[in-house]
Amino acid sequence: VLLGAAISVGLLVEVAEFSSTFRLLDPLAVALEVPPRLFGDRTVEFDDVSTWQVALANVGWAAAGLGVIVSRYRKLAAV
């Protein structure tokens with residue numbers, strides 16, 4: 001899922017010329033964008049995306065991952 005999202009988002013933004021805001025759907029790139037933002041810098045890929053959007057996307061991806069873990073654990077505990 002992570003690699004597929006990274007590839008498809010990259011194709012949409014680079015080839016199909018979608019907005020750079022669509023890069024927030026790439027969980028790997030969003031996670032790598034947070035450290036430069038903490039130190040007041042931006043990467044070239046996320047230059048048009050605001051910091052609050054990056055932070056919100058990062059929290060969303062973390063919540064989605066936690067949701068999957070909780071769901072899997074509940075299914076395992078039910079067995």
Side-chain angles (χ1 to χ4, degrees):
V1 172
L2 295 175
L3 190 57
I7 291 171
S8 59
V9 167
L11 285 174
L12 285 174
V13 174
E14 297 296 329
V15 177
E17 297 180 0
F18 276 36
S19 171
S20 61
T21 308
F22 280 97
R23 290 195 187 273
L24 296 174
L25 298 175
D26 180 3
L28 300 175
V30 169
L32 292 174
E33 180 62 22
V34 173
R37 297 292 175 121
L38 288 174
F39 293 104
D41 199 10
R42 294 176 182 234
T43 60
V44 176
E45 292 86 10
F46 285 87
D47 200 28
D48 298 337
V49 181
S50 65
T51 303
W52 71 268
Q53 288 175 323
V54 172
L56 190 63
N58 201 9
V59 168
W61 280 112
L66 184 61
V68 168
I69 290 171
V70 167
S71 170
R72 298 291 293 172
Y73 180 75
R74 285 189 180 172
K75 285 181 184 178
L76 209 111
V79 173

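- Among pairs with a residue in residues 24-45, those fulfilling salt bridge (Lys or Arg N to Asp or Glu O under 4.0 Å) read Glu33-Arg37, at least two apart in sequence or across chains.
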Without placing hydrogens or testing angles, list every side-chain donor-acceptor pair under 3.5 Å for residues 3-15, not counting sequence neighbours.
from, atom 1, to, atom 2, distance (Å)
Ser8, OG, Gly4, O, 2.9
Ser8, OG, Ala5, O, 3.2
Glu14, OE2, Arg23, NH2, 2.3

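- For Val34, the side-chain contact (heavy atoms from CB on, under 4.5 Å) partners are Leu38, Val54, Asn58, not counting sequence neighbours.
- Transitive grouping of hydrophobic side chains (ILVMFWY, heavy atoms separated by less than 4.5 Å) keeps Val44 and Phe18 in distinct clusters.
- Listed by chain and number, the residues in a side-chain hydrogen bond (donor to acceptor under 3.5 Å, both in side chains) with Gln53 are Ser50 (sequence neighbours excluded).
- The only member of Leu24, Val59, Leu25 that meets side-chain contact (heavy atoms from CB on, under 4.5 Å) when paired with Val30 is Leu24.
- Across Pro27 and Leu2, no two heavy atoms sit closer than the pair CG-CD2, 3.3 Å.
- Taking Ile, Leu, Val, Met, Phe, Trp and Tyr as members and joining any whose side-chain heavy atoms lie under 4.5 Å apart, directly or through other members, the hydrophobic cluster of Leu56 also contains Trp52.
- Through side-chain heavy atoms spaced under 4.5 Å, either directly or across other Ile, Leu, Val, Met, Phe, Trp or Tyr residues, Trp61 is tied to no other residue.
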